[in-house]
Amino acid sequence: MIEVTHLTKRYGDHTALSDLSFSIEKGQIYGFLGPNGAGKSTTMNIMTGCLAATSGQVKIGGHDIFEEAAQAKALIGYLPEQPPLYLDRTPREYLTFVAQAKKIPKDRVSAEVDRVLAITQTDQVAHRLIQHLSKGFKQRVGIAQALLGDPDVIILDEPTVGLDPVQIIGIRDLISDLGKDHTVILSSHILSEVQAICSTILIISRGKLVACDTPENLERLFAGSATLELEVEGTPEAIAKALCPIPCLISPEIVSTRENTCRIRLESSEDLRDLCRDIFFAFSDASLPILQMTPAKASLEDIFLELTSGDSPESAGKEDDA
Amino acid sequence: MIAVFRHELSSYFTSLTGYVFGGFLLLFAGIYTMVYNLNALVANFEYVMESIAFIFLIIVPILTMRVLAEEKRQKTDQLLYSLPISMTQVVLGKFAALLVMFLLPLAILSLYPILLTAFGSVHLPAAFGAILGFFLLGSALLSIGMFLSSLTESQAVAAGLCFVVMLLNYFIVDLAGFVSSSAFGSLAAFLVVILLLALIVRSMTKSPLAGLVTGGILGLGTLAAYLMSSESFEGLFPKVMEQLSLFDRFYRFADGVFDLTALVYLLTVVGVFLFLSVQSMEKRRWSA
């Protein structure tokens, strides 16, 4: 659906994007993740034709965004970081203008505007001036604008920034719904958000694409060996004895002891599920009750920090591997 | 383009701008009609048009200050860039709306000479020739205002810049008269103008090289021409300024001359500044 090849953007001496390449398939929700200033908005602006790249190419549905701008742009709905709203208009007037500019046939404009107002649940404020709307509603009107003409691709730049938690959930549900029959690309610097709604995550750091995979794969890739944290009732000696028969255990480590319970951390080269089973039977045979058992997997947050942190040569090497 | 046109036009009416612009124009036209035609019993409506040309200094900045600057400030230009319409269509749509805003009070004004015929003989071709010239001058000035508005994201700066440019345009012939009419005086004046031009090019392209090349070529060219025939430079600067002045072209119409070169010149100015506005908007895509 979208092909981005060798995209580079320079502002004078500053390189905002360097040699970014990726492709976007139809009918999924993609998340651009990266710290502030990583190049997410720049990438999106270039993809939608708002900004020219220094070099490289963007193709939307086979149309180059610069050479066949009209055809390419007709396939995209874009919500920039700051919703581009005319504050002295009502949502209905504003959306009618955008619908006409998107060359929607005259007889369908009004129906189309009604449709997007309904989807974004902004119909009750359709006749109030945009400048009097709350931030959440402004954001919704911005999304409504992107949905006009039912484009195949919807690109949303930080759609939930500055909203309250209830509004965030509302917008997220809306995006999930849109993902059912559109290709949605959104950017965010909030991990949980991307993790919750996106099927593929692209991590951008300092103008480079450092990872592109599903959230599950990213976690698996970085999880390393299976690690378990346990809280067991029993003395350290009894616990050590019970653990003896378990194979492949790398380092049983007692983290802390309190009264009659111990917190222990186990690492194993075995599969996590097998390890859990072995542990359960070992302790049950020894009549030591397990009070808590938590698999410690690398969270997306760890991966994110690892991929985007610092300039140390170590992490730079990892970026190249990813 | 039609969508942009409609949108712009309605925004002039939802805000006060359109009314202030039209009101101002009609107020001054009314005062001068009363003074000249009604009180002094002069039958020439073209005098009214000639006398009120100075109000362009005020109404052009009012009408054009927000046209592109406000899009940039509100970030709605991002919408325009991402819509499947070209910048040329956007600029043309906006300019068409400006023209309509200008034509509406002008249409009312056109009734005045016809009304005056009821009280005596009015030379209508001269009156309407002057109105046509007034319209052409206004279009040229509006296109300049629009271009200036594309250079900044602050309405106030756009308005100030536009006012200064209008003022210079209005007084340029008088000012040029102060330059020494000797050949060297003209040369010096030309070199100052070229230096200013080079500085503008430099600040707009942010490339010292472009400014240097523009200034260098023009400056050396002028110097070479001066060295070849210095006598032709005598009194040249005021003459050139007279030729460049938009207001002077309009005065030809007001004098009752249907000047085809003036018509072509004013339309060319419109074309050039619309082109520059499109380029200025396109440029933001590269450096914004």
Side-chain angles (χ1 to χ4, degrees), chain A residues 9-12 41-42 44-54 60 63 65-66 68-90 93-104 106 109 129-131 142 145-146 148-149 151 153 155 157, chain B residues 1-19 65-94 96-97 153 155 205-210 278-288:
Chain A
K9 175 74 188 174
R10 277 189 215 99
Y11 295 107
S41 294
T42 308
M44 290 190 150
N45 277 336
I46 293 176
M47 284 167 72
T48 51
C50 293
L51 202 62
T54 311
I60 316 278
H63 301 288
I65 192 75
F66 265 91
E68 299 166 280
Q71 291 99 314
K73 284 176 186 173
L75 298 172
I76 315 176
Y78 179 40
L79 171 72
E81 203 168 353
Q82 186 181 338
L85 304 172
Y86 293 103
L87 300 179
D88 54 350
R89 295 307 162 88
T90 67
E93 287 168 347
Y94 169 70
L95 292 172
T96 306
F97 160 63
V98 178
Q100 286 165 345
K102 283 190 175 181
K103 301 192 175 87
I104 292 168
K106 222 182 225 168
V109 166
L129 286 183
I130 292 178
Q131 59 189 339
Q145 163 272 121
L148 279 170
V153 185
I155 300 182
D157 196 353
Chain B
M1 184 184 135
I2 294 164
V4 177
F5 167 70
R6 269 198 225 157
H7 173 76
E8 278 297 308
L9 201 58
S10 70
S11 81
Y12 289 122
F13 287 109
T14 47
S15 68
L16 271 178
T17 341
Y19 299 103
M65 61 181 184
R66 54 161 289 284
V67 66
L68 292 169
E70 186 65 4
E71 300 272 1
K72 200 174 181 181
R73 196 185 62 81
Q74 281 193 15
K75 306 258 184 226
T76 40
D77 54 342
Q78 295 227 338
L79 173 71
L80 298 178
Y81 287 124
S82 68
L83 286 174
I85 44 176
S86 69
M87 258 313 127
T88 314
Q89 286 171 314
V90 171
V91 167
L92 286 180
K94 281 174 175 282
E153 57 183 279
Q155 287 194 33
T205 58
K206 293 193 183 75
S207 135
L209 187 72
V278 174
Q279 294 312 309
S280 164
M281 291 296 284
E282 286 288 346
K283 183 184 148 270
R284 284 192 205 161
R285 256 192 241 240
W286 297 88
S287 54

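Labels below follow one simple rule: chain letters A, B, ... track the order of the sequence lines, proteins then strands, and each chain is numbered from 1. What you see is a predicted model, and the numbers here were worked out from it, not measured in a lab. Heavy atoms only: backbone and side chains are in, while hydrogens, waters and symmetry mates are out.
At a 4.5 Å heavy-atom cutoff, A:A69 makes no contact with chain B through either its backbone or its side chain. Proximity to chain B (any heavy atom under 4.5 Å) is restricted, for A:A53, to the backbone atoms N, CA, C and O. The part of B:E71 that comes within reach of chain A is its side chain, from C-beta onward, which places non-hydrogen atoms under 4.5 angstrom from that chain. Both the backbone and the side chain of B:S10 come within contact range of chain A, with heavy atoms under 4.5 Å apart. Both the backbone and the side chain of B:S11 come within less than 4.5 Å of a heavy atom in chain A. Of the two parts of A:L85, only the backbone, made up of N, CA, C and O, holds a non-hydrogen atom closer than 4.5 Å to a non-hydrogen atom of chain B. Proximity to chain A is limited to the side chain of B:T14, based on heavy atoms less than 4.5 angstrom apart. Looking at A:E93, neither its backbone nor its side chain comes within 4.5 Å of chain B, counting heavy atoms on both sides.
Put simply, the side chain of B:I2 does not reach to within 4.5 Å of the side chain of A:Q100, judged on heavy atoms. Between B:L83 and A:V98 the shortest side-chain heavy-atom distance falls below 4.5 Å. Residues B:E8 and A:F97 form no side-chain contact, since every pair of their non-hydrogen atoms from C-beta on lies 4.5 Å or further apart.
Among the candidates B:L79, B:L80, B:V4, the residue making the largest number of heavy-atom pairs closer than 4.5 Å to chain A is B:L79. The most heavy-atom pairs under 4.5 Å with chain A, out of B:V90, B:T76, B:I85, come from B:T76. For the set B:M1, B:Q78, B:Q89, the count of heavy-atom pairs under 4.5 angstrom toward chain A peaks at B:Q78. Chosen from A:A72, A:A146, A:G49, the residue pairing most often with chain B at heavy-atom distances under 4.5 Å is A:G49.
A donor-acceptor pair under 3.5 Å links the side-chain atoms of A:K103 to the main chain of B:P84, judged by distance alone. Side chain of A:K73 to backbone of B:Y81: a donor-acceptor contact under 3.5 angstrom is found.
In this structure, B:S82 OG and A:I76 CD1 are separated by 8.0 Å, a value rounded to the nearest 0.5 Å. Atom NZ of residue B:K75 and atom SG of residue A:C50 lie 11.5 Å apart, to the nearest 0.5 angstrom. Of the inter-residue distances, the one linking B:Q74 atom CD with A:L87 atom CG reads 4.5 Å to the nearest 0.5 angstrom. Annotation: the span from B:R285 atom CZ to A:N45 atom CG amounts to 11.0 Å, rounded to 0.5 Å.
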Ring pair (Phe, Tyr, Trp, His ring centres under 6.0 Å) between A:Y86 and B:H7, intermediate numbers included: CA-CA 10 Å; A:Y86 293 103; B:H7 173 76; 4.3 Å; yes
